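Computed from a predicted model, the values in this text were never measured in an experiment. Atom set for the values below is all heavy atoms of this structure, side chains included, hydrogens, waters and symmetry mates excluded.
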Amino acid sequence: MKTFKLENEPKIESGFKTPENYFEDFSVKVLQQLPKEEPKVISIFSRRKTWIYAAASVIVLALSIPVYNNYYDSSTEIDTSSLENYIAYHTSVSDADLVNLLDETDIQDMNVNLNIEDKSIEDELSANRNLEQYLLN
């Protein structure tokens, strides 16, 4: 094979030539061709965004209301049924302990005034055959 030397071979010139000062004047020419005012850009999704934001806010509100209600509505008062169940199933609580915990208003609330006539009591006791059990217990 023959040795190939680039310096000795004739160079092929391309058929293109750049005009004088082309690269220096290029930016000025491009800026002159740009329009002076930019057109207003209207987004396709602008209306969708408002609906998406509204839906997101409704979802956040719907999820936060039950959390808010559960957090702030926890009552410190004990309902009567749970108190009765506690007293019934925990026999270590004595009557003296209960009396010490009651206030004057609690005692007045417990006062029940039954307007039962003596005649109705006598009729009920005479009709009932277990009178001896009532008297003994």
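- When hydrophobic clusters are built by joining Ile, Leu, Val, Met, Phe, Trp and Tyr residues whose side-chain heavy atoms come closer than 4.5 Å, directly or via intermediates, Phe23 is not grouped with Leu31.
- With rounding to the nearest 0.5 Å, the separation of CG in Asp123 from CD in Glu117 is 10.0 Å.
- Shown here are the ring pair (Phe, Tyr, Trp, His ring centres under 6.0 Å) partners of Phe16, two or more places apart in sequence or in another chain: there are none.
- Judged by distance alone, the side chain of Asp106 and the main-chain N or O of Asp103 form a donor-acceptor pair under 3.5 Å.
- When hydrophobic clusters are built by joining Ile, Leu, Val, Met, Phe, Trp and Tyr residues whose side-chain heavy atoms come closer than 4.5 Å, directly or via intermediates, Met110 is grouped together with Ile107.
- Atom CD in Gln108 sits 12.0 Å away from atom CG in Leu102 (nearest 0.5 Å).
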Exercise for the section: Check step by step if side-chain contact (heavy atoms from CB on, under 4.5 Å) holds for Ser64 and Leu61. Expected result: CA-CA 5 Å; Ser64 64; Leu61 188 65; 4.3 Å; yes
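- Here the side chain of Ser120 pairs no donor or acceptor atom with the backbone of Ile116 at under 3.5 angstrom.
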